[in-house]
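This one's a predicted model, so the numbers in the text were calculated from it and none came from an experiment. Just so you know, residue 1 is the first one in the sequence shown, and it goes up from there.
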Amino acid sequence: MSSKAGIHLSGLARRLVRDNLMDEESAQEIHEQAKANKTLFVPQLVESGKVDSQVIAELASDEFGVPLLDLNSFNPEMLPVGMVDPALIAKHHALPLFHRGNRLFIAVSDPTNQAALDEIKFHTGIKTDLILVDQSALAAAILTTVEAQEGGDFGDFDDVGMEELDFEAVDENADDQSDAGDSIDETPIVRFVNKILVDAIREGASDIHFEPYEKAYRVRFRTDGILREIVRPPQNLSGRLAARLKVMSQMDISERRMPQDGRIKMKLSKKRAIDFRVNTLPCLFGEKIVLRILDPSSAQMGIDLLGYEPEQKDMYMAALEQPQGMILVTGPTGSGKTVSLYTGLNILNTPDVNISTAEDPVEINLEGINQCHVNPKVGLTFAEALRSFLRQDPDIIMVGEIRDLETAEISIKAAQTGHMVMSTLHTNSAAETITRLLNMGVPSFNLATSVNLIIAQRLARRLCKECKAPADIPREALLEVGYLEEDLEGLSLFKAVGCSKCSAGYKGRVGIYEVVRITPPLARIIMEEGNSIEIAEQARKEGFNDLRRSALRKAAAGDTSLEEVNRVTQD
């Protein structure tokens, strides 16, 4: 190690270099950044993302011989509130944990943080002992503690560069525009909200939930389809957090009795922006606010990355090449229908075709596609938008959802008169999609002659490649869940384990699909108004895998676990 590094680097930095967790130049750079930002080495290192915070904590505990505490398992009610000035807690990144006799135990993430112990001892007159904790958990605990004691100062906890983020509201309905302006200009609240949004994007979350309760307030992320709690700000900040989010999404901050919808655009760089669809809901103890994260790049990821089996992909591509007809995508909310449709639209989006979409709301913006946000309050329904499309020389039409007979009839007539129509429904399988439309009142002849392809889909959590382990499952159990005798030869299944690079053994999601092409035998059953059981049986005879079978194939390929298969599909 150079003499310069030897002088400036702490023992922990030297240990990181010695254990090949980072190179000497990076360690020196982070040390200089910490010095420039007037912070400690460990928080700056965690902020850089070069080494996992839990790894840092374990290494520091071993290097300095200091006990390591899991702060997430610590009861926050035991914290000695009021013993230490919140300004000192924030200044030194040190949190008083508990008071025993004449000793005060202080949680820090950097064992060299002696200045914190000395100053807290000076101000309290009590001897201090150091307890080592994970920096990420410490930052969240300090955030909550300081807020509870000061009533709302998030100021010392913003990420580096957070103030450079560019946010703008998107006004989808000009008539609803609020004149609220930027009246909620409280920098600590602004920084906290910005940090939550950025953290959600970094973690790949699909939704953010801000939830007020009688004695608590929590923020949760939905990651890989599963909700998990992130932080618990003080409950008395409920109104201010709601007001900030409503200002950002151009809602009326004075209206707290009715639900509102809005949109936020976050510009991460000149070339990339993320949209948030925002909805407020008045609840018993305040307004619950949910943000859906909409990443336009998800529509351009390519069909090969969606998880279709080769034969399913070929059927989808063949249907997209048809000059007319209807493609229906079905599944519950959050199953990836929009991404599947937009992936198809992106393939069709060439200068020689006219594409129009009617959506509620428009989720992903794509250049070259005419996107219409339906607004029932002014009479612009799906059906009305479709009528207008047909007078605008369309080649391809996408309807966000077929909800009623009127929309279904216009869509089918468009598919029968030389247009490609794509849409979604909320049903559980391809067979049930047909029966749902029949129950709406659509004539069976029209369905049989207009629908080309039906895709039912789900999203399952993908096993982490770093830590997944072989699963030993009895032969009888495999047959019971749906595998056939011929499938068992050479079958290898895996289970979730969990490591620092994933969440409970899973990282990301994989699509599971049932793709059914309407063949002459299926069309005959539809014309005879056969039920969903008859349609599903015929689809199986023709070799179209249902969702369960497709999910079992994903498990056999090592993409997901049998537990996930059982969670997202019906036996």
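For the pair Leu59 and Leu21, the minimum side-chain heavy-atom distance is below 4.5 Å. The shortest distance between side-chain heavy atoms of Leu493 and Pro470 does not fall below 4.5 Å. The shortest side-chain heavy-atom distance between Asn279 and Gln260 does not fall under the 4.5 Å cut-off. Between Val193 and Leu241 the shortest side-chain heavy-atom distance falls below 4.5 Å. Inter-residue side-chain proximity for Arg458 and Pro332 is flagged as met; some heavy-atom pair is nearer than 4.5 Å. The side-chain heavy atoms of Gln135 and Ile56, taken from C-beta on, include no pair separated by under 4.5 Å. Thr223 places none of its side-chain heavy atoms less than 4.5 Å from the side chain of Ser503. Taking the side chain as every heavy atom from C-beta outward, Phe122 and Leu88 never approach each other to under 4.5 Å.
Under the side-chain contact (heavy atoms from CB on, under 4.5 Å) rule, Glu58 has a single partner from Leu68, Asp134, Asp52, which is Leu68. Among Leu40, Leu71, Val42, the single residue meeting the side-chain contact (heavy atoms from CB on, under 4.5 Å) criterion with Ser109 is Val42.
Ion pair Asp224/Arg461 not flagged as a salt bridge, since none of the NZ, NE, NH1 or NH2 atoms sits closer than 4.0 Å to an Asp/Glu carboxylate oxygen. Ion pair Arg263/Asp275 flagged as a salt bridge, since at least one NZ, NE, NH1 or NH2 atom sits closer than 4.0 Å to an Asp/Glu carboxylate oxygen. Using a cut-off of 4.0 Å between Lys/Arg side-chain N and Asp/Glu carboxylate O, Glu229 and Arg220 are scored as not salt-bridged. Between Glu63 and Arg14, none of the side-chain N atoms (NZ, or NE/NH1/NH2) sits under 4.0 Å from a carboxylate O, so this pair counts as no salt bridge. Electrostatic pairing of Arg15 and Asp62 counts as a salt bridge here, judged by a charged N lying under 4.0 Å from a carboxylate O. With respect to the salt-bridge test (charged N to carboxylate O, under 4.0 angstrom), the residues Glu255 and Arg257 qualify. Here Lys495 does not pair with Glu563 in a salt bridge; the nearest charged N to carboxylate O distance is not below 4.0 Å. For Lys121 and Asp118, the salt-bridge test fails: no basic side-chain N is under 4.0 Å from an acidic carboxylate O.
In summary, the side chains of Gln28 and Glu24 do not present any donor paired with an acceptor at a separation below 3.5 Å, with no hydrogens or angles considered. Side chains of Glu359 and His373: a donor-acceptor N/O pair is absent below 3.5 angstrom, by distance only. Between the side chains of Ser26 and Asp23, at least one donor N or O lies within less than 3.5 Å of an accepting N or O. Of the N and O atoms on the side chains of Thr569 and Arg548, at least one donor lies less than 3.5 Å from an acceptor on the other residue. A donor atom on one side chain and an acceptor atom on the other are not found under 3.5 Å apart for Tyr506 and Arg462.
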>> Does Leu197 form a side-chain contact (heavy atoms from CB on, under 4.5 Å) with Phe276? I'd like the steps, not just the answer.
In response: CA-CA 9 Å; Leu197 301 189; Phe276 297 84; 4.0 Å; yes
>> What verdict does the salt bridge (Lys or Arg N to Asp or Glu O under 4.0 Å) test give for Glu287 and Lys246, after you've listed the backbone C-alpha separation in whole Å, the side-chain angles of each residue and the deciding distance to 0.1 Å?
In response: CA-CA 10 Å; Glu287 291 178 283; Lys246 289 163 77 172; 3.0 Å; yes
>> Is there a side-chain contact (heavy atoms from CB on, under 4.5 Å) between Val108 and Ile131? Walk through the geometry before answering.
In response: CA-CA 6 Å; Val108 296; Ile131 293 180; over 6 Å; no
>> side-chain contact (heavy atoms from CB on, under 4.5 Å) for Asp261 and Val278? Distances and angles first, verdict last.
In response: CA-CA 6 Å; Asp261 290 294; Val278 188; over 6 Å; no
> Taking it one step at a time, do Ile196 and Val231 satisfy side-chain contact (heavy atoms from CB on, under 4.5 Å)?
Replying inline: CA-CA 9 Å; Ile196 290 293; Val231 67; 4.0 Å; yes
> Can you list the steps and then say if Phe285 with Tyr213 is a ring-ring contact (aromatic ring centres under 6.0 Å, His included)?
Replying inline: CA-CA 5 Å; Phe285 300 105; Tyr213 299 98; 7.9 Å; no
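Using a distance-only test at 3.5 Å, with no hydrogens or angles considered, no donor-acceptor pair links the side chain of Ser335 to the main chain of Leu459. Side chain of Lys337 to backbone of Gly331: a donor-acceptor contact under 3.5 angstrom is found. Between the side chain of Ser61 and the backbone N or O of Val66 there is at least one donor-acceptor pair closer than 3.5 Å.
Here CG of Leu245 is found 4.5 Å from CD1 of Ile289. Values are rounded to the nearest 0.5 Å. The structure places CE of Met22 at 3.5 Å from CD1 of Ile30, a figure rounded to the nearest 0.5 Å. Atom-to-atom distance recorded for Asn194:CG and Ile189:CD1 is 11.0 Å, nearest 0.5 angstrom. In this structure, CD on Glu32 lies 11.0 Å from CD on Gln44, to the nearest 0.5 angstrom. The structure places CZ of Arg277 at 13.0 Å from OG of Ser249, a figure rounded to the nearest 0.5 Å. Atom-to-atom distance recorded for Leu552:CG and Asn566:CG is 8.0 Å, nearest 0.5 angstrom.
Residue Phe221 comes nearest to Asp199 through the heavy atom pair CE1-C, 4.0 Å, listed as atom of the first residue, atom of the second, then distance. Counting all heavy atoms, side chain and backbone alike, Arg103 lies closest to His99 at O-CD2, 3.0 Å. The two atoms that bring Cys467 and Val497 nearest to each other are O-CG2, 3.0 Å, heavy atoms only. The shortest heavy-atom contact between Ala496 and Ala504 is CB-O, 3.6 Å. Shown here for Asn113 and His92, the closest heavy-atom pair between the two residues is ND2-O, 2.8 Å. For the pair Ala551 and Val565, the tightest heavy-atom approach, listed with the atom from each and the gap, is O-CG2, 3.5 Å.
Centroid-to-centroid, the aromatic rings of Tyr308 and Tyr513 come within less than 6.0 Å.
Counting heavy-atom neighbours within 6.0 Å of Lys288 NZ, excluding the residue itself, gives a total above 12.
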